[in-house]
Amino acid sequence: MPVQLLKIIKDQSEIPLPRHLQKEHLKHLQEGYDHTNKYIQGIVVLSYPLTKLGDGTDFFKIVLQDLDDLCSRISSINVLIHGKMAQDCAKVIRHGDTFIVAGFKVVESPTAREDGRHGCHLEVSEEAGSTIYYIDTKPRTTTASEATSIAVAPQYVYTPLNCLKDGTIVNLYGVVKFFKPPYVSKGTDYCSVVTLVDPSNVKLTCTLFNGNLDSLPKIYKIGDIVRFHRIKIRQYNGQMQGITGAGFASLTFDGTVGAPVVPRTSSRAYTFTDEEHKTIEELRVWAARNVSTSGPAVKLSSVQPMLFFDLTCQLVGKAKVDGSSFLLKVWDGTKCPYPSWKVPVEAKDLEGEKVLLRQLRHLSVDILVYDNHVQLATSLKIGSFLRIYSIHAKQASADNEAVSHIEFHLHGGTCYGRGIGILPENNLDVKELKAFLESVDLAGSQNMESMTSVELGGTSGDFTVLTDHQDLNNTELRTIMNSTAPQQYRIRAKLRTYKPQKLHQSVKLHCSKCNSLQEVPDGDDFDFILQDSAITAPNPELQNASWYDSVMWTAQDQKQRKIAIHFVRNDELLQQPEHTLLMIEGGTLKEFWKLTKRFKCVIPVKSTEDDLELLDLSAPFLLQGNVKYYGCKQCSAPRPIKNLRFIAAEEHPSWEPTEIAQVLGIELLQYVFIMKFTLVDGTGAINAYLFDYEKFFQIPASEILTNSFLQEKMQMTMNTLCPPGRKLGDLPWLECFIKSYNVRDATKHQVYYQIFDTTVAEDV
DNA sequence: TTAGGTTTAG
């Protein structure tokens, strides 16, 4: 009997094969060699229906996977079985069975280039003297016809991303780390670029083309999970690249742990087994720990100038502006906190429901899309739900405007995934957005808008400040003044006055260790320290250490100032500027500003005889973006600067100021708002201090000094809480949360009040 | 064919 069923055995080393047979590894298999006493063993991973060849002989093809060598391109091989043996095999052989064949013929595989399997295939038949052994892995209840039907649904093998080889066609799973939503390419197709990662921690960027938008993967978010079938792998610029080829198909899944596992696809038929369901769940768990997603979605109410953001919104109007730009009017139910621009278009050119456009005129925003995005934008349907990726919120001011406004651009090109994605109605984010849009009171928001911010919450009604303790009842100020401290209260009061009136003076630096407060040094202090430190030239012996690369040059000024920049390497390599930490010696204030715009972090240093060290702590020890970070002179105990290596050795150092401060022995000073509010409620008056890093104004204290927009926003908030020029009776009511506390010294005892757990809300 | 991630400069 040429096809034998071996008994089911757990330990495969015990397979009772004839003694003369020796196992041959696929990698040693070559055409023209003697394989007489050899056998090939593998798992059946794919089988095709039994067919008849042109001459009437039966033909059965299976694919064997060598489990000992999963990563090799030649780890799977086609086995072509002819004649009676084909019939016998088709009856009994199933996926997952262990298949052993001896007495085979090795022939060059004509399909190896295409299917990525072994360069040879095995030809097996009774005539050739072949013997097949197999281990049945599952209890067998199927009949021959059922076995055939199983064979029609092939079982796929998925290649981990670290095992991809040039010139193969593979199936794979991946977590989306980056993507460009489909856009119109310069050729005939739509294009989408997708970068995947998987638990092998290898990245693969795939370039996908299709003339049909629907055939490209329906990726909506970083962190989505995809399954690609029949993707071509090629080498490009020294890296593996995926590209669409014949038969490419994809499934996309929400990457959220616990979300329903529902594939998004345009394929009419696809396989999806319990095993694959499990794979998705596992990848979700892995991704949750290992792939950074884009963070919480930005709503229009939280846009900031100079921000690139993704917006999930509904299209309410559109208009052609000129050949290279197109207007989209969208809303998300929230209100942009800044005056936003309106792109002038003729009413007749504006497509959309007139009544709704008018109702939404203060809630919708204009997004001008350019160049390659125009064609897709033109085709969008009014009312559809969109996710627009990498919108630029740009601060701008016109000559005739007192305050600057914010503009929304979707610039040309597709860098950073810039583009427009159309979300289906069944998308979870869309469902949530729809429910929210339906809850928006259009009449109410219209009325609100017709008032100025000063009128908001004026005599007609209460202006409310949100507290975290809505369950508490209000306490009269008189009662509070007559009570002992410490206690906590919710109060309803009016803000009679506040100090400082010049709001920028309210920002201080606070040391949480010694509890000291100090003024924020101004730029001149820093400049002076820099000039002073530039007198000492960089020490040439400290250039290029094991953990940083250095460049040094001489400025073309009278002092022949020497400048050195030390680029800290991460994991032995230099990173992109926006992830890189620099140390600079001899730089001017202006040079620092320029470098902070381009690099993640900048640390001013000076040379000593044997090491680099930080400057005097009157200077910032770290600059990041617009923010200068200072250390407490009293509490810091500077440690060697080479401690930065500990962070640099991390795989993806985030260069958090707190972490940098810690390794450098710096006690980080935090920016805080310190204000004194005089609150009255008709029964009494108290002075309550505001001590706030970010929560109260929803503005980080660290950014207020360098951002005029945030300063304006803060001024507007204070004008709302305490409108200038109003009589006491006309001031708005506020609700907030305060606590009383005792301050005692040798001579006196006083009770103080502090506002906390309170956030200003524009409207409630 | 197209694009091949790493923000426009309106």
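Residue numbering restarts at 1 for every chain, and letters A, B, ... go by the order of the sequence lines. For the numbers below, each heavy atom of this structure counts, side chains included, while hydrogens, waters and symmetry mates do not.
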Nearest-nucleotide 5' precedence on DNA chain B, L410(A) against Q239(A): Q239(A)

Nearest to side-chain heavy atoms of R418(A), which nucleotide of dG5(B), dT8(B), dT1(B): dT8(B)

Closest listed nucleotide, where the reference is the side chain of K180(A) and the choices are dT8(B), dT1(B), dT6(B): dT6(B)

Sugar-phosphate, base or nothing in reach of G417(A), heavy atoms under 4.0 Å: nothing

Side-chain donor/acceptor contact of T195(A) with base of dG5(B) under 3.5 Å: yes

Touch class at under 4.0 angstrom, heavy-atom based, for I243(A) against every strand present: base

Aromatic stack F308(A)/dT7(B): centroid gap under 5.5 Å, interplanar angle under 30°: yes

Face-to-face stacking of F209(A) with dT2(B), centres under 5.5 angstrom, angle under 30°: yes

K203(A), nearest nucleotide to its side chain (from dT7(B), dT2(B), dT6(B)): dT6(B)

Glycosidic conformation of dT6(B), taking syn as within 90° of 0 and anti otherwise: syn

Test item: side-chain donor near acceptor, Y671(A) and E703(A), under 3.5 Å: no

Spacing between N212(A) atom CG and dT2(B) atom C1', to the nearest angstrom: 16 Å

K299(A) versus D332(A), closest heavy-atom pair with distance: CA-OD2, 3.3 Å

Closest listed nucleotide, where the reference is the side chain of C415(A) and the choices are dG10(B), dT6(B), dT2(B): dT6(B)

Y173(A) versus E276(A), side-chain donor and acceptor atoms under 3.5 Å: yes

Spacing of F408(A) atom CZ relative to dT7(B) atom C1', expressed in whole Å: 17 Å

Minimum-distance nucleotide to S390(A) side chain [options: dG10(B), dG5(B), dT7(B)]: dT7(B)

Spacing of F326(A) atom CZ relative to dG10(B) atom C1', expressed in whole Å: 17 Å

Between T414(A) and K180(A): side-chain donor-acceptor atoms closer than 3.5 Å: yes

Spacing of D166(A) atom CG relative to dG4(B) atom C1', expressed in whole Å: 14 Å

Distance in angstrom units between N210(A) CG and dT2(B) C1', rounded: 12 Å

H411(A) NE2 - dT6(B) C1' separation (whole Å): 15 Å

Spacing between D366(A) atom CG and dG10(B) atom P, to the nearest angstrom: 18 Å

Between Y370(A) and H409(A), ring centroids under 6.0 Å: yes

Selection from dA3(B), dG5(B), dT7(B) that lies nearest to any side-chain heavy atom of C191(A): dA3(B)

Touch class at under 4.0 angstrom, heavy-atom based, for H392(A) against every strand present: base

Nearest-nucleotide pick for T205(A), side chain only, options being dG5(B), dA3(B), dT7(B): dG5(B)

Sugar-phosphate, base or nothing in reach of Y183(A), heavy atoms under 4.0 Å: sugar-phosphate

pi-stack flag for Y236(A) and dG4(B), centroid dist under 5.5 Å, interplanar under 30°: yes

Touch class at under 4.0 angstrom, heavy-atom based, for N237(A) against every strand present: nothing

Residue that, paired with Y389(A), satisfies ring pair (Phe, Tyr, Trp, His ring centres under 6.0 Å) out of Y416(A), F179(A), Y183(A): F179(A)

For atom OH of Y416(A) and atom P of dT6(B), their distance in whole Å: 9 Å

